[in-house]
Amino acid sequence: MADISIRIQDGESGAFKQGITAGEALRELVSAKVRKQTVAVRVNGVAVDLSTPLKTDCVLEPVTADTEEGMDILRHSAAHVMALAVRRIFGDHVKVAIGPAIEDGFYYDFDREEPFTPDDFDRIEQTMAAIVEARIPFERREMRIGEAIEFFDRQGETYKVELLRDIETDTVSLYGLGEFVDLCRGPHLPDSSWLKAFKLLRVAGSYWRGDEKNPMLQRLYGTAFFDKKELRQHLHRLEEARKRDHRKLGRELALFTIQDHIGPGLILWQPRGALLRRLIEDYWKDEHYRHGYELLYTPHIARQDLWKTSGHLDFYAENMYSAMEIDEVKYQLKPMNCPFHIGVYKSHRHSYREFPIRWCELGTVYRYERTGALHGLMRVRGFTQDDAHIFCRPDQLDDEIYNILDLNLHILKTFGFDQYDVYLSTRPEKYVGSEDRWVMATEALKRALEKKGLEYRLDPGEGVFYGPKIDIKIKDQLGRSWQCSTIQVDFNLPERFEMTYTGEDGREHQPIMIHRALMGSLERFVGVMIEHYAGAFPLWLAPEQARILNITDDQLHYCEAVYAKLRKLGIRVEKDLRNEKLNYKIREAQLMKIPYMLIVGEREKEEGTITVRKRNGENLPAMTPQDFAERVHGECDEMMGGKR
RNA sequence: GCCGAUGUAGCUCAGCUGGUAGAGCAACUGAUUCGUAAUCAGUAGGUCACCGGUUCAAGUCCGGUCAUCGGCUCCA
């Protein structure tokens with residue numbers, strides 16, 4: 001056989017017999033250290049199994065365990081191992097669907113009459129462990145599509161057959177792991193022994209291909225790592241995330257409550273949560289005013305006719321609550337604020353000189369959400385949007401979008417979010433407005449993103465029917481993304497409501513309308529912040545900035561005086577003067593995540609000072625209440641972007 | 001809405017195969033006045049989510065409803 005030349009990307013090269021497997025070639029060309037870490041290989045850029053025979057000259061690149069790709073291969077292989085285990089335990093009563101690697105783990109969808117129970121997890125895990133122990137190789141083979149369809153059809157694997165029918169290539173690859181043969185693109189680990197650390201996490205229902213018209217399958221979720229330590233760390237992270245759960249912290253920190261008898265998805269803000277929210281709102285309003293916005297207030301319901309004109313009854317009806325009748329006229333709760341802002345616009349005539357008009361409102365809207373979708377503050381039925389509508393001339397569009405982006409990122413940063421993913425969504429299949437307007441608006445959005453130096457991803461066809469949009473998904477402390485901000489150009493409503501302005505030429509023109517929300521929903525945003533900060537809000541947002549703790553009753557009077565003084569100086573201070581030990585009070589204040597504890601004993605009383613203990617346990621030297629207040633204001637000013 | 005799990009005092013949770021509710025913390029009362037993450041003792045607190053059924057007897061079994069949790073779907 002002829003020799004072929006094989007080169008490692010950025011490394012050694014050599015001549016080998018044709019037909020040598022990639023794994024064998026690597027053994028010659030890379031260090032033992034790399035080899036031990038290698039789970040698959042890229043041949044001329046295409047990821048394949050180590051067992052792949054090499055036929056021509058090529059460049060190899062090992063895929064190692066420490067990469068995302070390596071992890072995906074491990075997890076995808078883990079899904080196969082799980083499927084084999086399920087097969088072995090539950091036999092032919094189970095049909096398999098799909099089993100991909102996902103972020104942080106993998107899943108496999110099964111169709112089985114009986115539900116899986118958490119008790120089954122143990123059995124499945126044990127069987128998986130036995131499979132790992134047995135070091136079963138993953139064996140790849142290729143088949144013609146027709147042959148494969150017949151193969152799976154014989155086994156009654158209807159889902160695989162359905163998948164195959166949609167595949168357009170001539171041949172497909174199958175992977176055998178023991179007696180379980182699965183349709184799969186690969187690549188896989190060489191054998192099951194690599195799966196050293198895995199755990200099944202939960203079972204959940206999911207529709208075949210995510211479509212609710214299809215049968216409901218049972219999805220088993222699991223995760224896998226190359227070693228046990230990483231798995232332990234991951235499980236620990238999950239535990240930490242549970243501790244940050246805003247529903248748990250919301251209760252513990254007395255921020256909000258949701259009650260059955262009031263209704264699901266409806267939030268009651270408790271005093272501390274309400275104060276937090278007020279701080280957010282005040283900052284938001286001030287910042288908007290500073291940036292040339294005017295504040296509006298509009299009602300919660302409007303005549304049904306308004307929603308007809310706006311098109312909401314055509315396009316949004318399923319999210320709206322049914323009509324109520326008032327004096328024989330139908331009214332509906334608002335799912336959006338825009339028609340009202342247009343109402344304000346139409347309250348008088350406008351000249352081109354007035355533009356841009358920037359109106360904002362913290363508008364509470366109501367949208368129907370299916371019960372299964374509700375989730376704490378993150379997904380609710382009544383929520384407050386930090387909404388704004390900008391009306392401008394075409395020549396102002398670029399600047400306005402840029403300014404929105406600028407304000408948007410500035411405010412998010414102040415709240416502690418400076419990591420985000422930006423998406424630009426373009427024209428969907430169903431749309432209104434002329435093509436050149438879409439192009440004009442999409443280009444304007446692009447230019448603003450580029451001018452701002454933001455990297456973005458294109459989301460083709462994901463725009464709203466009335467115009468293109470920019471979405472910003474912020475990343476929290478745990479790296480999870482949350483869709484909050486959205487900037488949407490709208491050609492539809494100005495048309496529907498026949499909005500006009502008088503141009504320089506004395507003629508009537510149609511203004512461009514931009515919708516924009518920055519936090520999206522205040523409820524959700526607070527939820528995200530609770531989890532982002534794990535309940536320990538930065539000083540400027542802490543509902544309780546400081547708590548006075550006395551040592552004995554002898555300081556009661558002095559504490560009251562300090563309390564009054566600090567309140568007067570604008571500090572959000574509370575006092576805990578109960579007859580309890582200092583340790584007890586500190587513990588409680590600590591659990592409430594209060595930034596400063598002000599400790600007052602005889603010493604402080606004598607000297608007219610307080611001892612300041614920070615949330616992190618650090619002590620500051622004793623200072624006067626006056627100095628403390630100045631310090632707090634100084635810190636807050638800094639957090640909010642300089643002296644205000 | 002769909003699949004699965006869950007629903008016992010304010011919170012966290014016991015309560016085995018049906019015999020008529022229990023702990024810790026919190027609350028309240030009293031004692032203690034104690035300097036950097038829980039002082040001690042006592043008291044009170046529950047139509048066991050709701051509705052119906054089986055049974056001599058149901059927190060415990062069955063059915064329905066509501067809600068919550070994990071997902072699917074949707075999205076701020």
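By convention in this document, chain letters (A, B, ...) are assigned in the order of the sequence lines, proteins followed by strands, and residues within each chain are numbered from 1. Note: hydrogens, waters and symmetry copies are ignored here, and every other heavy atom, side chains too, is used.
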In the 5'-to-3' direction, what one-character label does each nucleotide of nucleotides 69-76 of chain B receive under the scheme B = base within less than 4.0 Å of a protein heavy atom, S = sugar-phosphate only, - = no such atom? SBBBBBBB
Quick check on the 6.0 Å ring-centre criterion: do A/Y466 and A/F315 meet it? no
Rounding to the closest angstrom, what is the interatomic distance between B/C61 and B/A5 at atom P? 14 Å
How are the rings of A/F110 and A/Y108 set to each other: parallel, tilted or perpendicular (split at 30° and 60°)? parallel
How long is the line joining CZ of A/R251 and P of B/C11, in whole Å? 7 Å
Could you state the CG-P distance from A/L217 to B/C3, rounded to the nearest angstrom? 13 Å
Looking only at side-chain atoms of A/N619, point me to the closest of B/U36, B/C34, B/U33. B/U36
Using a 4.0 Å heavy-atom cut-off across all strands, classify A/E602 as base, sugar-phosphate, or nothing. base
Are the charged groups of A/R278 and A/D282 less than 4.0 angstrom apart, N to O? yes
Record whether the side chain of A/E114 comes under 3.5 Å of the base of B/G4 through a donor-acceptor pair of N or O atoms. no
Residue closer to the 5' end of RNA chain B, A/Q218 versus A/D554 (nearest nucleotide): A/Q218
Using the C1' atom in both, what is the distance from B/C69 to B/A31, to the nearest Å? 44 Å
Sticking with atom P, work out how far B/C66 lies from B/C50, rounded to a whole angstrom. 16 Å
Mind checking salt bridge (Lys or Arg N to Asp or Glu O under 4.0 Å) for A/D476 and listing every partner two or more places apart, or none if nothing turns up? A/R480
Atom CE of A/M597 to atom P of B/U36: distance rounded to whole Å? 13 Å
If we take the C1' atom in both B/A23 and B/G4, what is their distance in whole Å? 31 Å
Any side-chain N or O of A/N583 less than 4.0 Å from the OP1 or OP2 oxygen of B/A37? yes
Do the charged groups of A/E400 and A/R516 touch, with an N to O distance under 4.0 Å? no
d(NE2, A/H557; P, B/U33) in whole Å: 19 Å
All ring pair (Phe, Tyr, Trp, His ring centres under 6.0 Å) counterparts of A/F417, not counting sequence neighbours: A/F525, A/H532
Taking atom C1' in both B/A9 and B/A44, compute the distance separating them and give it to the nearest angstrom. 11 Å
If I pick the C1' atom on B/A67 and the same atom on B/U33, what distance separates them, to the nearest angstrom? 47 Å
In whole Å, measure the gap between the C1' atoms of B/G59 and B/C3 for me. 27 Å
So, OP1 or OP2 of B/C34: does either fall under 4.0 Å of a side-chain N or O from A/T552? no
Between P on B/C3 and CG on A/L220, what's the gap in Å once rounded to a whole number? 17 Å
In whole angstroms, the gap separating P of B/U36 from CZ of A/R547 amounts to 19 Å
Salt bridge (charged side-chain N to carboxylate O under 4.0 Å, His left out) between A/E588 and A/K585, worked out: CA-CA 5 Å; A/E588 210 154 275; A/K585 297 186 193 183; over 6 Å; no
When you measure from the side chain of A/T611, which nucleotide among B/U36, B/A38, B/G4 comes out closest? B/U36
So, using ring pair (Phe, Tyr, Trp, His ring centres under 6.0 Å) as the criterion, who are the partners of A/W482 when residues are at least two apart? none
Only counting residues at least two apart or in another chain, list the ones meeting ring pair (Phe, Tyr, Trp, His ring centres under 6.0 Å) with A/H375. A/H246
Please find out if less than 6.0 Å separates the ring center of A/F106 from that of A/F198. no
Could you check how far CZ of A/F116 sits from P of B/G4, rounded to whole Å? 13 Å
With sugar-phosphate taken as primed atoms, P, OP1 and OP2 and all else as base, the protein-contact string of nucleotides 40-49 of chain B at under 4.0 Å (heavy atoms; B, S, -) is ----------
Provide, to the nearest angstrom, the distance between the NZ atom belonging to A/K248 and the P atom belonging to B/C13. 9 Å
Say we look at B/G7 and B/U12: how far apart would their P atoms be, to the nearest angstrom? 13 Å
